[in-house]
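Reviewing the structure listed below.
When a ligand or atom number is given, it counts from 1 through the structure's own listing order. A quick note: this is a predicted structure, and the numbers were derived from the prediction, not measured.
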Amino acid sequence: MKYQFPQHFYWGSAASATQTEGAAFSGGKGENIWDHWFKSEPNRFHQGVSATDASTFYEHFRSDIQLMKDINHNSFRTSISWARLIPDGTGDVNPEAVDFYNQVIDTLIEQGIEPFICLFHFDMPMKMQALGGFENRYVLQAYADYAETCFRLFGDRVKHWFTFNEPIVPVEGGYLYDFHYPNVLDFRRAATVAYHTVLAHAMAVSKYRELKLNGKIGIVLNLTPSYPRSQHQADLEASNICDLMFNRSFLDPAIRGEYPQQLVALLKQYGQLPDIHDGDRELIAQGKIDLLGINYYQPRRVKARLSAVNPNAPFVPEWFFEPYEMPGRKMNPHRGWEIYEKGIYDILTNLREHYGNIPCYISENGMGVEGEEKFLKDGQIQDDYRIDFIREHLKWIHRAIEEGSACFGYHLWTFIDNWSWCNAYKNRYGFYRLDLATQQRSLKKSGEWFAQISEANGFDD
Ligand code: BG6
């Protein structure tokens with residue numbers, strides 16, 4: 001069968017500033033939470049590797065962009081590092097950073113690669129975190145000012161903007177599950193950060209509208225369908241609560257301009273609702289997006305809890321569900337994640353049926369492989385498993401598009417194997433292998449394959 005994609009479909013990959021640039025303490029960059037946390041707890045990072053050892057995009061962006069061109073990328077997403085552009089979070093703009101991002105954007109455009117730019121990919125400037133990060137409304141204004149600075153500096157050339165990448169992840173990691181700084185466990189504070197992130201998003205969107213730039217603005221969400229174990233009422237309820245907490249908490253405000261009433265009622269019932277100020281509702285309504293980025297790696301499967309909750313234990317989402325391991329599920333054994341390709345179709349169909357078929361694209365999808373060096377043969381990583389992974393997801397995307405989904409592109413996570421927060425270089429995702437010792441990049445088999453399908457705008461299978 002032929003899988004031909006619509007004209008002007010965006011093919012490419014995604015990365016982020018802190019994960020690729022390196023130069024964490026040079027070029028005038030300020031400290032962010034990752035630099036700070038590494039100093040105090042290096043043991044939290046796989047093999048003690050910090051963002052200083054990210055893949056040197058700051059230095060090698062020109063040749064890296066050439067490598068993108070070599071595999072027929074027509075688009076690429078990265079982020080701007082807030083702490084590089086405005087080292088203190090507010091105030092003076094760093095001219096070296098302006099120069100760097102201008103050069104990156106211009107080089108991409110010269111190579112025919114559309115820059116998709118995200119404003120925040122997990123990397124809060126430390127000076128802002130010291131004030132409470134997104135718990136503090138002052139920091140929301142600082143973020144909105146930073147966003148405005150980016151729009152004014154780069155908005156003449158950047159036509160695809162994203163306010164946040166996976167905004168729920170810093171909430172989960174930093175305030176519930178202990179995998180991001182500041183390592184707090186407090187649901188109400190988590191809910192406050194989530195709520196304030198939505199407000200910050202809306203402030204940036206409305207600023208973008210005011211400037212009347214010729215482009216579009218959206219957000220990147222990790223949407224993970226919550227499949228119930230069975231159709232039993234209790235399992236359905238568990239999956240509904242997961243959907244409200246992990247998907248709709250950002251999806252509804254971003255697309256509908258308001259929160260789901262059920263989520264508000266649930267948080268209220270458990271005394272976890274953040275402080276709501278006059279004018280917030282109107283602000284959230286201004287945050288409606290033009291386009292959505294969807295990150296999808298694995299499904300969430302859940303069942304009703306079997307045991308009672310310890311009322312003295314901290315309130316967490318798991319009060320309402322337990323993870324469910326479906327017998328016979330297909331696994332990526334190298335990362336321990338389930339592979340469920342149809343999930344991507346279910347997300348797109350849900351958006352088409354319930355969210356006005358918002359223009360969207362797959363902003364991240366990919367297969368992490370620990371110990372990928374074992375697939376090195378004759379100098380190349382033979383990642384047939386990644387080709388299968390991408391191809392099977394693309395088939396479901398194709399089907400969703402045929403049924404009317406407004407999906408306009410596909411980006412793999414990631415371009416070159418990159419540093420990934422506490423997992424550092426544990427799981428490899430790139431089209432290009434990175435030799436950590438020499439920083440040399442070499443094309444994997446999946447990169448060769450992707451170059452062909454991008455050029456042909458589809459494939460036969
Ligand atoms: C995505 C994030 O969810 O997962 C990326 O947006 C991250 O920043 C990627 O690198 C892979 O994560 P991991 O933990 O498998 O390396």
Exercise for the section: Run the numbers for me: atoms of ligand 1, each under 4.0 Å from some heavy atom of N165, listed by number. Expected result: 6 (O)
Problem - Residue, atom name and distance, where the atom is the protein heavy atom closest to atom 4 (O) of ligand 1 - result: Y297 OH, 3.7 Å
Practice task
Check the side chains of E364 and Y297 for a donor-acceptor pair under 3.5 angstrom, ignoring hydrogens and angles.
Solution key: yes
Problem - Atoms of ligand 1, numbered as shown, that sit under 4.0 Å from any heavy atom of N427 - result: 13 (P), 15 (O), 16 (O)
Problem - Check: Y101 and P115 side chains under 4.5 Å, non-hydrogen atoms - result: no
Fill in the blank from the handout: With heavy atoms and a 4.0 Å threshold, my read on which part of T414 contacts ligand 1 is neither
Practice task
Could you tell me whether ligand 1 has any atom less than 4.0 Å away from a heavy atom of S420?
Solution key: yes
Practice task
Looking only at protein heavy atoms, identify the closest one to atom 1 (C) of ligand 1 and say how far it is in Å.
Solution key: E364 OE1, 3.2 Å
Practice task
May I ask you to check whether W337 has an N/O atom sitting below 3.5 Å from an N/O atom of ligand 1?
Solution key: no
Exercise for the section: Would you check if there is a donor-acceptor pair between the side chains of N72 and S454 at a distance under 3.5 Å? Expected result: no
Problem - Check: N102/R157 side-chain N/O donor and acceptor closer than 3.5 Å - result: yes
Practice task
Using non-hydrogen atoms of the residue, decide whether N222 is closer than 4.0 angstrom to ligand 1.
Solution key: no
Fill in the blank from the handout: atom 5 (C) of ligand 1 has as its nearest protein heavy atom W413 CZ2, 3.6 Å
Problem - Location of contacts on E166 toward ligand 1, heavy atoms closer than 4.0 Å - result: side chain
Practice task
Return yes if some donor-acceptor pair links the side-chain N/O of N457 with the main-chain N/O of P6 below 3.5 Å, else return no.
Solution key: yes
Problem - For K426, salt bridge (charged side-chain N to carboxylate O under 4.0 Å, His left out) partners two or more places apart - result: none
Problem - Pairs involving residues 315-327, ordered by first then second residue, that meet side chain to side chain donor-acceptor pair (under 3.5 Å) (sequence neighbours left out) - result: Y177-E318
Handout entry: R335, any N or O under 3.5 Å of ligand 1 N or O
Key = yes
